[in-house]
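Inspection log for the structure reproduced underneath, given as structure tokens.
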Amino acid sequence: MSAEKNSPARKLPRDFYTRPSVLTVARELLGKLLVVPAGDTRVSGKIVEVEAYRGPHDRAAHSYGGRRTKRTEPMYGIGGTSYVFFVYGMYFQFNVVTNVAEVPHAVLIRAVEPVEGIELMRARRTVRTDRDLTNGPGKLCIALNIDRRLDGVDLLGSDVWLEEGERIAPSQIQRGPRIGIDYAEEWKEKPWRFWIKNNPFVSR
DNA sequence: CATTTGATAACG
DNA sequence: GTTATCAAATGT
């Protein structure tokens, strides 16, 4: 496993992230592999559910209205930067920043399917079934050990990154409204959540 | 349905 | 500086 530990050849390139449409990037993130190294091994998961946030216009985005604080700063970085934030007093959420610098768009990773390091995930999460390991945005952060230390890091670096994965046919992709943003008025109905049809690891 | 705390905005 | 409000969720 150490031979491909950091497999740079499969890492998604900068221009995957800097494209202008956050919706396109969100859709194409499905099937990709999210990797977080753990010592000499890797813990990873296939992305099966995402949501796009398109600030400053999107009322649901933390960058709504151009809000720029210490917390939201990473969103203004270049595409391919990570944005990890803390919510509800106990959970982290992992996001991939898209577009060019100064345009605060991001994609929230809502669920992944465990691929590598499943034993480590089980140790970190104490749940009955493997299905509950990573089927939610807060859960996957615990399973993959994603926290504040990964906020604002470069996804082309070696702390956390994304790799080429399975190609998902357009017919296998479903879309619908985002979750947990009841305060976002007309923006809450935008169908900016994408997931892989029938995948058991999509959040409930 | 209770939980739990950092970030943020609104004060003064 | 201090205080009040609330949040891209989860476990039960």
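All values below come from the heavy atoms of this structure, side chains included, with hydrogens, waters and symmetry mates left out. Residue numbers begin at 1 in each chain, while the letters A, B, ... track the order of the sequences.
At C:dA9, one or more side-chain N or O atoms of A:Arg110 fall inside 4.0 Å of OP1 or OP2 (strictly under the cut-off). Distances shorter than 4.0 Å separate none of the side-chain N or O atoms of A:Arg204 from OP1 or OP2 on C:dG11. In this structure, A:Lys188 does not reach the C:dA8 phosphate: none of its side-chain N or O atoms is under 4.0 Å from OP1 or OP2. An OP1 or OP2 oxygen of B:dT4 is reached within less than 4.0 angstrom by no side-chain nitrogen or oxygen of A:Tyr91.
The CZ atom of A:Arg128 sits 10 Å away from the C1' atom of C:dT12 (whole-angstrom rounding). Spacing between atom CD of A:Glu51 and atom P of C:dA7 amounts to 15 Å, rounded to whole angstrom units.
Regarding the sugar-base torsion, B:dA7 falls in the anti class, its angle being beyond 90° of 0.
Taking every heavy atom of residues 63-86 of chain A and every atom of DNA chain C, pairs under 4.0 Å involve A:Arg71, A:Met75, A:Phe85, by number.
Distance from the side chain of A:Met90 is smallest for B:dT3 among the nucleotides C:dA8, B:dT3, C:dA9. Taking only side-chain atoms of A:Arg148, from C-beta outward, the nucleotide of C:dT10, C:dA7, B:dG6 with the closest atom is B:dG6.
Under the 4.0 Å criterion applied to side-chain N and carboxylate O atoms, A:Glu51 and A:Arg178 are not assigned as salt-bridge partners.
Residues A:His62 and A:Phe85 place their aromatic rings such that the two centres sit under 6.0 Å apart.
Not counting sequence neighbours, the partners of A:Arg19 by the salt bridge (charged side-chain N to carboxylate O under 4.0 Å, His left out) test are A:Glu28.
Under a cut-off of 6.0 angstrom, the local environment of CZ in A:Arg131 is sparse, with at most 12 non-hydrogen atoms contributed by other residues, nucleotides or ligands.
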Checklist entry - Using Watson-Crick and G-U wobble pairs whose two distances are both under 3.5 Å, how do you write the pairing of DNA chain B as dot-bracket, with | for links to another strand? => result |||.|||||||.

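Under the 4.5 Å side-chain heavy-atom criterion for ILVMFWY residues, no single connected hydrophobic cluster contains both A:Phe94 and A:Tyr83.
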